[in-house]
Structure formats: structure tokens, C-alpha cells
Amino acid sequence: MKKPLIPFGPVAERLAASAPAPNVDAPTPTIGPTRLVILQPTSFCNIDCSYCYVPDRQVKGLMSMEVLGKVFDRLVEEDLLGSRCSVVWHAGEPLTAGKTYFAEAFALAAEKLGGHTIGQLTTQTNGTLIDEDWLTLFRDYKVRVGVSLDGPKHIHDMHRRDRKGRGSFDATVRGLQQLQAGGVDNYVLSVVTRPMLGMAREFYEFFEGLGVGDVGLIPEEVDGINAKSSLDGIAALRDFEAFTAQLHDVYQARGRKPEIREFRGVREALFYNEPIESLDNNKTVAYHILTVAKNGGFTTFSPELVGMPDGADYTFGNILTDSLRGAVETEKFRHFYAQFMRGVARCRDECDWFTLCGGGLPSNKLSEAGSLEVSETMSCQLHIQTFARTVLGFYNQALLGQPT
């Protein structure tokens, strides 16, 4: 068995010696606490991104308040809430549900969770529908708003178009600027596709010029109904590695403003033992992430398991009728978990990056290989290994005088 030690010298050894690793040999999963709840208010979206993983984006329909309230009730009643828990409305374009809907949803979240956890309400949006009334609602409930923006107009509009083929860049930037001017806490998520590679400086300076404070990067993935990625293949991987290295150079030179989520995640894992966001390795903890679809179907481990293609159903119950803890005892869950753990065990045995990654996401394994029992995926190479190599190489060189 390979030692689960991230390469690249003493800086990485510090992480490997201190970071907890999942117990892949446990017959049943650790359950909770829940630190992230992802809610799908609707699968409908008013634009039609070429790489989106969400099915049924033309289908309207909303998560009922009955379902929403039951999500919060079960978390409280089944003692699953962590001391801090974020609630994110995502998967579709949430704002198409309307202001009246969200006024009720935000109020319900505050009522049900108040006193039980310190929470952050967040919504992820393409930004095109934001207006003054939305700003007021976000401010009233201290909602953090993520805007999906892929970079300069010619890159963004290549993939993020409406149903008539028109680019969404102008409306998205207008929405982002309204959030900034209106004092609403915000960040950007940016999907990185092949045309962006080779433009690291332009990419960073674009967000710097917009005054964005925090950018999360999502390498285009094979996930859900998105069956191909422009980053597939050895040549694209090498180009992405070059892009990441160049981006980190600009990022350091400009004082990390804007912050890049993935660089921060590796840095905090190294020096504070606090892997965060996409680098959090609690991937084998049931309900560490709880995802609930608009019809009440729930899953865990990977948000993208909701709505997988080809009719595959990776939901483990419905929040209206099924206990969260009880679902872990079902044959369906046990069968899934056993396969998933065999894949995680392979990751532990075969991959030097296991300490940082924790075994990969099941949705990526299913989407790329059709199996939970594989180890390394393209997603892991892009989203974990490449960012980690870049940051580890920088600190080995800068702090220890070792070559990258």
C-alpha cells in the first residue's frame, strides 16, 4: 500500500502528518454534523449554459415551503446540525422562483434554524435578474450571493447564452455591479474552459478591474448530464497546469486581491489544518453535505448526485416521508456506500494526494467512469492535484529554497 503522503517536500509533509483522513474501512459511515445544505428551489434556468450538469433546465416548478420547512425540521429533530451550517440555494437559476418565494424561504430558514446553528444563507445565480428589490431582500436577510461569471465577455458568452443564443455577459456584470454598489456580500464562481487557458493574466486582471473580492474556479468537468469537457486529455491537462501556475504568479504579485478560493484552500490546509470549501476532505461523512431536490428527494456526498443522467437515482429518500438517519440504514444506501468506500480505499492505496483530497467525489467517478469503485478522475487531476502542486511548489521554493 502506498503511503498517503502528498509529494513536494517538508511543507506537504506537515499537512500529511496532521490532516485527518477518512476511515474507509468502517462498515457504516460517520453521520454528520451537517455543515452545508444545498437546496434546489427549481431546476429551471433562464439561460442555457453549454457545460451545465443540471437536467430539466426547461422544466418549471418549485420546491414547496412544506418541503423546505421539513428539511430544517429534520436537521434539528435528528440532531444533525453542526455549530455552523451554510444553506445554499443552487442547481437551476434560483432567482426565477421570484422575490415573494424567497422572502418566505429566507424567513422560514431564519425561523427554523435560529438558535440551533450559526448559519449563512447563500444563493448562487447567473445574476441576470438582479434588481433593487432583490438587493433589499438580500440585505434584509444578510444573504451572500454568488455570481456565475466566466471572465471577459468573449469567453463568458462562448458558453453562457440564453435560449435564443444571445450572450449573458452584459446582464451578469450589471447584476454583479448592483450587488457591489448595494452593499450585498458577494463572490464569483468561474468555470474554466479550454479557450481561457493561456490567458491567466487577462483572466485575473478582469476580475481585479471589476473589484471582485473572491473568485472560485471550477475546471470544466464531466459531471451529471455534461458528458464531455474541453479540458479532457493530456494536452489540455498540461495547458491547465500552465494556466494555474501563471495565475498564481499574478495572484501573488497583486497581493491576492482578488482572492482565489482554490489557492486559499490549499494554503489553509497547509498552514492552519483547516481544509475549506472544495478542498474539505470530509467526503465520506454522511450528511456533511445534504442536498435536497425540488421534489424533496435527498442525497449526500456529492450535490451533483441529484438528477444524474440515464435514469439513475442516487437519492436515498424523500424529506417529507423519510428520516435522514433512517435512510443510512436502508439497503440502497448501504449498497451505494460499500461501492463508494471501495473506490475511496483505492484512492488511499494508489494516490499520493489522498491526504488532501480524501477520496474524490462519487458524482465525478460515476460520470467519468460509470463506477464508484475507481480512484483517480480527471476532476481530481484538475481541481485538486493541479492547484495543490502550484501552491506547494511556491512555498517549497519561497520558504525552503527547494526546487518546485
Are F298 and F316 an aromatic pair, judged by ring center distance below 6.0 Å?
no

Give me the atom names and distance for the closest heavy-atom approach of T315 to K332.
O-NZ, 2.6 Å

Under 3.5 Å: donor-acceptor pair, side chain of E262, backbone of L217
yes

Any heavy-atom pair between the side chains of D73 and K112 that's under 4.5 Å?
yes

Would Q120 and S86 count as a side chain to side chain donor-acceptor pair (under 3.5 Å) if you check the C-alpha gap in whole Å, the side-chain angles of each, and the deciding distance to 0.1 Å?
CA-CA 5 Å; Q120 170 71 65; S86 295; over 6 Å; no

Could you tell me whether R194 and D232 have a side-chain N and a carboxylate O separated by less than 4.0 Å?
no

Do the non-hydrogen side-chain atoms of F44 and V59 ever get within less than 4.5 Å of each other?
no

Scan K257, R144, R261 and name whichever one has a salt bridge (Lys or Arg N to Asp or Glu O under 4.0 Å) with D214.
R144

Heavy-atom count check: over 12 atoms from other residues, nucleotides or ligands less than 6.0 Å from E104 CD?
no

Do R35 and C85 touch side chain to side chain, with heavy atoms closer than 4.5 Å?
no

Between R174 and D131, is there a salt bridge with N-O shorter than 4.0 Å?
no

Would V192 and L197 count as a side-chain contact (heavy atoms from CB on, under 4.5 Å) if you check the C-alpha gap in whole Å, the side-chain angles of each, and the deciding distance to 0.1 Å?
CA-CA 8 Å; V192 180; L197 307 184; 3.9 Å; yes

Can you tell me if T386 uses its side chain to pair, donor with acceptor, with the backbone of Q381 under 3.5 Å?
yes

Separation between NZ of K365 and CZ of R346, rounded to the nearest 0.5 Å
8.5 Å

Just by distance, no angles: are the side chains of H335 and Q339 close enough, under 3.5 Å, to form a donor-acceptor pair?
yes

Check whether D133 reaches the backbone of L135 with its side chain - one donor and one acceptor, N or O, closer than 3.5 Å.
no

Step by step, work out the side chain to side chain donor-acceptor pair (under 3.5 Å) result for N295 and N318.
CA-CA 8 Å; N295 66 354; N318 189 287; 4.6 Å; no

Grab the two heavy atoms, one from I225 and one from V54, that are nearest each other, plus how far apart they are.
CD1-O, 3.3 Å

Residue R84 excluded, over 12 heavy atoms near CZ under 6.0 Å:
no

Apply side chain to side chain donor-acceptor pair (under 3.5 Å) to the pair H159 and T193, showing each step before the final yes or no.
CA-CA 9 Å; H159 300 283; T193 55; 3.3 Å; yes

Is the shortest distance from a Lys or Arg side-chain nitrogen in E329 or R334 to a carboxylate oxygen in the other one below 4.0 Å?
yes

Look up atom NE2 in H116 and atom CD in E77, then write down how far apart they are to the nearest 0.5 Å.
9.5 Å

Between S302 and E304 (side chain of the first, backbone of the second, donor and acceptor by atom type, cut-off under 3.5 Å), is there such a pair?
no

Minimum side-chain heavy-atom gap T300-T291 below 4.5 Å
no

Pair R238 + E241, salt bridge at N-O below 4.0 Å:
yes

State plainly whether the residues D79 and R325 are in salt-bridge range, i.e. N to O under 4.0 Å.
no

Nearest heavy-atom approach of T284 to P29 is O-CB, 4.1 Å

Mark yes or no for whether D157, through its side chain, and F169, through its backbone, hold a donor-acceptor pair below 3.5 Å.
yes

Which label fits F203 and F243: parallel for a plane angle under 30°, tilted from 30 to 60°, or perpendicular past 60°?
perpendicular

Candidate pair F394 and V266, rule side-chain contact (heavy atoms from CB on, under 4.5 Å), full reasoning:
CA-CA 11 Å; F394 171 80; V266 178; over 6 Å; no

Once you measure the plane-to-plane angle for F106 and F102, does it fall in the parallel (<30°), tilted (30-60°) or perpendicular (>60°) bin?
tilted

A quick test of your reading: do over 12 heavy atoms of other residues, nucleotides or ligands sit less than 6.0 Å from NZ of K142?
no

How close do P303 and I38 get, heavy atom to heavy atom, and via which atoms?
CG-CD1, 3.3 Å

Let's go through L290 and L36 carefully: what are the C-alpha distance in whole Å and the side-chain angles of both, what is the deciding distance for side-chain contact (heavy atoms from CB on, under 4.5 Å) to 0.1 Å, and is it a yes or a no?
CA-CA 6 Å; L290 170 66; L36 177 62; over 6 Å; no

Is there a side-chain contact between R348 and C351, using heavy atoms and a 4.5 Å cut-off?
no

Plane angle bin for F263 and Y251 - parallel if under 30°, tilted between 30 and 60°, otherwise perpendicular:
tilted

Less than 4.0 Å between a side-chain N and a carboxylate O, is that true for R267 and E259?
yes

Would you say the side-chain atoms of T117 pair up with the backbone N or O of L113, donor to acceptor, closer than 3.5 Å?
no

Decide yes or no on side-chain contact (heavy atoms from CB on, under 4.5 Å) for L305 and F336, but give the supporting numbers first.
CA-CA 12 Å; L305 289 175; F336 177 95; 3.9 Å; yes

Any donor-acceptor pair under 3.5 Å linking the side chain of T96 with the backbone of E93?
yes

Any idea which heavy atoms bring D150 and I155 closest together, and the distance?
O-CG2, 3.8 Å

Taking the side chain from R166 and the backbone from R161, do they hold a donor-acceptor pair closer than 3.5 Å?
no

Heavy-atom count check: over 12 atoms from other residues, nucleotides or ligands less than 6.0 Å from K60 NZ?
no

Taking NZ, NE, NH1 and NH2 as the nitrogens, is one of them in D48 or R160 under 4.0 Å from a carboxylate oxygen of the other?
no

One should read off an interatomic distance between D352 CG and E376 CD, to the nearest 0.5 angstrom, of 10.0 Å

Between S148 and L189 (side chain of the first, backbone of the second, donor and acceptor by atom type, cut-off under 3.5 Å), is there such a pair?
no

Any heavy-atom pair between the side chains of L62 and K294 that's under 4.5 Å?
no

Can a salt bridge be assigned to the pair R254 and E205 using a cut-off of 4.0 Å between side-chain N and carboxylate O?
yes

Nearest-0.5 Å distance that lies between atom CG in L149 and atom CG in L210
6.5 Å

NE2 (H288) and CD1 (I31) are apart, to the nearest 0.5 Å, by 14.5 Å

Close side-chain approach of L320 and E66, heavy atoms under 4.5 Å:
yes

So CG of D223 and CG of N364: to nearest 0.5 Å the spacing works out to 4.5 Å

Step by step, work out the salt bridge (charged side-chain N to carboxylate O under 4.0 Å, His left out) result for R201 and D249.
CA-CA 9 Å; R201 179 174 294 276; D249 287 344; over 6 Å; no

Considering only heavy atoms from C-beta outward, does the side chain of F207 approach that of S190 to under 4.5 Å?
yes

Yes or no on side chain to side chain donor-acceptor pair (under 3.5 Å) for S229 and E221, after CA distance, side-chain angles and deciding distance?
CA-CA 6 Å; S229 167; E221 298 178 311; over 6 Å; no

Under a 3.5 Å distance rule, please check whether T330 uses its side chain to pair with a backbone N or O of A327 as donor and acceptor.
yes

